[in-house]
Protein chains: 2
Amino acid sequence: MAQKSAPDSTRRSERSRRAIYDAALALVGEIGYSRTTIEGIAARAGVGKQTIYRWWTSKADVLLEAFLDLGEQAAEQAARADGADPGAEYAIPDTGDLAADLKYVLRATVDELLDPRFEAPSRALAAEGVVSEEIGRVFVARLLEPQLQLYVRRLRAAQEAGQVRPEVDPRIALELFVSPLAQRWLQRTAPISHEYTDTLVDYALNGLAPR
Amino acid sequence: MAQKSAPDSTRRSERSRRAIYDAALALVGEIGYSRTTIEGIAARAGVGKQTIYRWWTSKADVLLEAFLDLGEQAAEQAARADGADPGAEYAIPDTGDLAADLKYVLRATVDELLDPRFEAPSRALAAEGVVSEEIGRVFVARLLEPQLQLYVRRLRAAQEAGQVRPEVDPRIALELFVSPLAQRWLQRTAPISHEYTDTLVDYALNGLAPR
């Protein structure tokens, strides 16, 4: 079905919104969360301060939405590269091979974490979440937890398929491969790579003890 | 062998040093890393600025040593409570039961992370390490990695005892139970408890897949 083209004012708003997101992410990556201001974002985006206040109430709000948008763009790009429907709801693939599906998604996450466009602003926002409990709670509730719930759904499907023990709590289980990657990246405890996340998945599924 | 009592000047230095550590930890917990200064630490400790500069070159230095000292005190207290030699090198116990030993140490870590004396300054220092690569690298090299190496040693002993698969890399394996706890605490993604860390150990050793 052909889509009607958007009216001029909608296209203009969409353009401003994207410019504001780009400016917010660039600034927080360059100068950090605490020195980023609504004024600075407006100046860099080439819009008036009032344009920002029309849509958002605070810089935390702008940044969270900029991140949500960045995440959606990355997911759509990945879906397009795979030939999948870019408008489809984002989910972890279910090919029936749990290890392969988890490795696939974690490899993509490694690529994203190492992408310079993503790294500086993500680190700045994550750091602010560690310092400020309020920002941290919003960051977790709106950005992190929805991503973790995708793993919960995939692990539940694996339980139904008999590939994960029925008594395992999926919300805890996912942390065995997600949290090590998060800690290495956030605290720079060691390098991250596809080989590393593949190993995490193998250890988590098979366990450290001999079988 | 009876120990000679320390000369007066050594006892005085030791008292000043402890006062400086306490002041540094309290300040960073109350006002954050970036607003804590050598001047502020000196004022709170009741010593001259020069006393601090005689022993340390920067506030990062003072804080790292204050943390090392706090960690040593906690380890000595724990050793004394267990009737062990408080002067002994800190290590993860090896009773021959790997699961029990890991659960024991992780439960103690949960208690420490929930201890208010420890929580505010630890969080402030960890947050600074996320923002500043330089502080982060020192924090990891001097505080975090030495603790992780205790797990590496315990897992190697378990490999020799046939309780962990020989092909497992202990430095990655330990992250399956250490990193989830770190992420929950640091990013406040969910509550931490003894039951939670016990579950992590069981999942990591036995794996998520049916045996």
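Proteins come first, then strands; the chains are lettered A, B, ... in the order of their sequence lines, and each starts at number 1.
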Legend entry - Main-chain N/O of R165(B) paired with R211(A) side-chain donor or acceptor, under 3.5 Å: no
Legend entry - Region of Y33(B) in contact with chain A, defined by heavy-atom distances below 4.5 Å: neither
Legend entry - Side-chain donor or acceptor of Y203(A) paired with backbone N/O of G207(B) under 3.5 Å: no
Legend entry - For chain A, the option from Q163(B), E133(B), R171(B), Q159(B) that forms the most heavy-atom pairs under 4.5 Å: E133(B)
Legend entry - For the student: nearest non-hydrogen atoms of G162(A) and P210(B), plus distance: O-CG, 3.4 Å
Legend entry - Test log, rule side chain to side chain contact (heavy atoms under 4.5 Å, CB included), inputs F139(A) and T189(B): CA-CA 10 Å; F139(A) 171 78; T189(B) 46; over 6 Å; no
Inset, instruction - Would you please test Y196(A) and D169(B) for side chain to side chain contact (heavy atoms under 4.5 Å, CB included) and show each step? - result: CA-CA 11 Å; Y196(A) 166 65; D169(B) 178 342; over 6 Å; no
Legend entry - Among the listed options L181(A), N206(A), L155(A), the residue most often paired with chain B at heavy-atom distances under 4.5 Å: N206(A)
Legend entry - Neighbour count >12 (heavy atoms, 6.0 Å) for atom CD, E167(A): yes
Inset, instruction - Would you mind checking which part of L144(B) comes under 4.5 Å of any heavy atom in chain A, side chain (CB onward), backbone (N, CA, C, O), both or neither? - result: side chain
Legend entry - Contact leader toward chain A among G32(B), A204(B), A190(B), where contacts are heavy-atom pairs under 4.5 Å: A204(B)
Legend entry - Heavy-atom proximity to chain B below 4.5 Å, by part of T199(A): side chain
Legend entry - A173(A) portion near chain B, given a 4.5 angstrom heavy-atom threshold: both
Legend entry - Heavy-atom proximity to chain B below 4.5 Å, by part of L205(A): both
Legend entry - Proximal component of E175(A), with respect to chain B [non-hydrogen, under 4.5 Å]: both
Inset, instruction - Pick one of side chain, backbone, both or neither for V140(A), based on which atoms fall under 4.5 Å of a heavy atom in chain B. - result: side chain
Inset, instruction - Considering only heavy atoms and a distance below 4.5 Å, find which of L148(A), L174(A), L176(A) pairs most often with chain B. - result: L176(A)
Legend entry - Nearest heavy-atom neighbours spanning S179(A) and Q183(B): OG-OE1, 2.7 Å
Legend entry - Where R184(B) and I172(A) come nearest, the two heavy atoms and their spacing: NH2-CG1, 3.8 Å
